[in-house]
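A short worksheet on the structure shown next.
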Amino acid sequence: MTKVEPTKVKLVTDDTISKRLHIPVVASETRFKETDLPKKANLANHPVIARILSRRATQFLLIIPNQIIFWLVIFLGFMGVVDPGLNFATAITWYLWFCLVFVMMAVIGRAWCSMCPFGGFAEWIQRRTLFKRIQKPLGLGRKLPESWAQWGFTLSVATFIFLTFLEEYFNIAGPGTPRDTSLMVLGIVVSAVTFYLVFERRTFCRYFCPLSALIGSVGSMGSVAGFRTNDRAVCLACTTKDCMRGGTSGYGCPWYTWPGSAESNAACGLCTECYKACPSNNVGFYLQSPLTSVIAPKRRRADIAWAVALLWGLVIYQQVNATNVYASVDGFLNRLTGWNHYPNPIDYLVIIVLAAVLTAFIFKGYQMLFLDPARGVHAAGNFMEKVNPFRQVFLPLSYALIPIVGMDYFARQLPKFFKHVPRLIPAIVQIFGVNTSKWSLVNYHLLSNPSIVDVQVAVMAVGVIGSIYAVLRIFKRDLAPLTRHVAGARVAAVALMVALGGVAGWLYIIMHAAS
């Protein structure tokens, strides 16, 4: 294959929205030098894996088991036993599934997206097929306006915060009544189908799915880089861009990601469409070292940075709300506002926003102390594109915070897992009409409360170590050239990660393994 020298033209990156898909997309070799992966990391070099990835039924076969499970969740939430501890719908959703999703995020990346029953079911309806390539989809096929799309993952965070409020209000993950779990799952399915019938491709998954920002940011710790170009020069010379527009063998990327400019796994849903569609066989399926997508990106995204800050605020709220102090504050606000229900929306939003803004102010203080004003850059643009001295510090430090945020969410799920996951076995048997309420597994705990706290603190320690490693690597490339007193700035960056992780670890100690 003839190697073509890259053309020096403007870069269009993987956060480009759908209205710009018709623009030829090009890149510079130097732009991606630090994010390109070695050829040996391409799993598609193995003939068996290549055959699996090339088959149209591959993603269908990944989705269908979860599809069956979640329709069982919907059905049994309405028709199964009332006891949430013995109902399959609540047991698998809150004792096992949510915990496994976080494991998949941290270890793999967007693994859940490749098998998600919500997006999968909606996509089958949109495409009018389970896995065949059909040219004309069902629905209006509208493009998400750029005024919305520019906010990226922050739209998903807003959805997640709203859904979490509903979950807290109705005590769905308590778990509350199985019926509420079914209504929540059914509501997500209906929302996904509606979006798929109005908008093109996976607009719902990219921008509005409650878990998309969480998976996209925390998943950057994962060891699966996703689908990337094998030779960027070949992509530059390609005139069809079938991987983005679609071709006879595959749909255009449902996530609006061009493999030729991808430098992280944040927006690769592992759907294999670009691999199937590429006429030059120039797309591979790559592994990467853990934290690569946290450290390596040269152009850091503002939506990911703010998503991390807001997600950090949400998980801090979920820790604080298990303390006696929060109960007093929430009760006071209820009496003051006449809300009379947990949680009061004022303290819910204030704690989330306050934690996010306080973190941003801390990073702002870091900028004022260490950033050399002569090296500060100002560039106008929309939310995603503008540059200023604050962002020069906030974006890299927010990326470095990802391991702490990811491990915090994982640790928050552990009490339910350790205390109640054995109930899943009697809940499964209960489906077949067997009374399992007196089984010993119903009250069996894998770990007791003191041990659970120890594990939670250990998990947070892993997150802190990950963030220290990330911030040191990020500092060397992104911050050291901008700062005064490099040694002091490096120590301060590490101290910030230790302090923030320490706050989360301390909250687990005073929570006493509350679930």
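Given the structure is predicted, the values throughout are model-derived calculations rather than measurements.
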field: Side chain to side chain, Y342 and N171, heavy atoms closer than 4.5 Å
entry: no

Can you say whether the rings of H445 and H420 are parallel (under 30°), tilted (30 to 60°) or perpendicular (over 60°)? perpendicular

Worksheet item: Can you check side chain to side chain contact (heavy atoms under 4.5 Å, CB included) on D372 and L482, steps first, answer last?
Response: CA-CA 6 Å; D372 185 347; L482 306 176; over 6 Å; no

Decide whether T272 and Q59 meet the rule of one side-chain donor and one side-chain acceptor closer than 3.5 Å. no

Specify whether F102 and Y409 have parallel, tilted or perpendicular ring planes, treating 30° as the upper limit for parallel and 60° as the lower limit for perpendicular.
parallel

Distance col, row L397:CG vs S467:OG, nearest 0.5 angstrom, shows 10.5 Å

- Query: Is any side-chain heavy atom of V283 closer than 4.5 Å to a side-chain heavy atom of T229?
  - Reply: no

(message) With a 3.5 Å distance limit and no angle check, can you tell me whether R228 reaches the backbone of P259 through a side-chain donor-acceptor pair?
(response) no

Is the backbone of R299 close enough, under 3.5 Å, to the side chain of E263 for a donor and an acceptor to pair up by distance? yes

Between V157 and the options D303, I352, L310, L214, the side-chain contact (heavy atoms from CB on, under 4.5 Å) test singles out L310

Worksheet entry | Side chain to side chain, M244 and C253, heavy atoms closer than 4.5 Å | yes

Quick one: does any side-chain atom of T159 pair with a main-chain N or O of C209 as donor and acceptor, under 3.5 Å? no

4.5 Å side-chain heavy-atom contact, P84 and W94: no

### Query
Can you tell me if Y326 uses its side chain to pair, donor with acceptor, with the backbone of Q319 under 3.5 Å?
no

Working for ring pair (Phe, Tyr, Trp, His ring centres under 6.0 Å), residues F199 and W148: CA-CA 13 Å; F199 297 100; W148 282 75; 8.9 Å; no

Practice task
Check whether the side chains of T483 and R375 place a donor and an acceptor atom closer than 3.5 Å, and report yes or no.
Solution key: no

Closest heavy-atom pair, V405 versus V308, reported as atoms and distance to 0.1 Å, is CG2-CG1, 4.0 Å

**Prompt:** Could R300 and Y399 be counted as a cation-pi pair, given that NZ or CZ must be under 6.0 Å from the ring centre and within 45° of the axis?
**Reply:** yes

In short, V294 meets S220 closest at the heavy-atom pair CG2-OG, 3.2 Å

Inset, instruction - For Q413 and F98, indicate whether the former's side chain and the latter's backbone hold a donor-acceptor pair under 3.5 Å. - result: no

Of F208, F383, Y207, W306, the one forming a ring pair (Phe, Tyr, Trp, His ring centres under 6.0 Å) with W151 is F383

Point to revise | Side-chain heavy atoms of P415 within contact of Q456, under 4.5 Å | key: yes

>> Could you check whether any side-chain N or O of S182 sits under 3.5 Å from a backbone N or O of V73, counting only pairs where one atom can act as donor and the other as acceptor?
In response: yes

Within the structure provided, determine whether C113 and W255 are in side-chain contact (heavy-atom separation under 4.5 Å).
yes

- Message: Could you check whether R301 makes a cation-pi contact with F153, meaning its NZ or CZ is under 6.0 Å from the centre of the six-membered ring and within 45° of the ring axis?
- Response: yes

Parallel, tilted or perpendicular for F394 and F363, by the 30°/60° rule?
tilted

Between the CD1 atom in I295 and the NZ atom in K476, the distance rounded to the nearest 0.5 Å is 12.0 Å

Polar side-chain atom of N42 near backbone of Y286 as donor-acceptor pair, under 3.5 Å: no

Is the Y348-Y317 ring centre distance short of 6.0 angstrom? yes

task: Check whether any side-chain heavy atom of M511 lies under 4.5 Å from a side-chain heavy atom of R412, and answer yes or no.
output: yes

For Q288 and G222, the nearest pair of non-hydrogen atoms, with its separation, is NE2-O, 3.0 Å

*Can you check whether N334 reaches H341 side chain to side chain, under 4.5 Å on heavy atoms?*
no

When rounded to the nearest 0.5 Å, the distance separating OH of Y366 from CG of L369 is 9.5 Å

So CG of L311 and OG of S217: to nearest 0.5 Å the spacing works out to 5.0 Å

Item to complete: Test V494 against V491 for side chain to side chain contact (heavy atoms under 4.5 Å, CB included), laying out the working first.
Response: CA-CA 5 Å; V494 171; V491 171; 5.9 Å; no

- Could you please spell out the steps behind the side chain to side chain contact (heavy atoms under 4.5 Å, CB included) verdict for Q367 and Q392? CA-CA 8 Å; Q367 172 228 317; Q392 287 178 277; over 6 Å; no

Nearest heavy-atom contact between I172 and L166 is CD1-O, 4.0 Å

Under the side chain to side chain contact (heavy atoms under 4.5 Å, CB included) rule, what do K416 and C99 come out as? Steps first, then yes or no, please.
CA-CA 9 Å; K416 281 192 177 71; C99 195; over 6 Å; no

ring-ring contact (aromatic ring centres under 6.0 Å, His included) pairs touching residues 452-505, sequence neighbours excluded, are none

In this structure, CD1 of I161 is separated from OG of S156 (nearest 0.5 Å) by 9.5 Å

Exercise. Taking the side chain from K419 and the backbone from A513, do they hold a donor-acceptor pair closer than 3.5 Å?
Worked result: yes

M384 and Q150 have their tightest heavy-atom pair at CG-O, 2.7 Å

inquiry  = Donor-acceptor check, side chain of S114 to backbone of A111, threshold 3.5 angstrom: yes or no?
reply    = yes

What one should report as the nearest heavy-atom pair of I404 and G463 is CG1-O, 3.6 Å

Crowding at CG, N340 (>12 non-hydrogen neighbours, <6.0 Å): yes

TODO: Determine yes or no for a side-chain-to-main-chain donor-acceptor pair under 3.5 angstrom, with R110 supplying the side chain and S212 the backbone.
DONE: yes

The reported gap from OG in S451 to CG in L446 (rounded to nearest 0.5 angstrom) is 11.5 Å

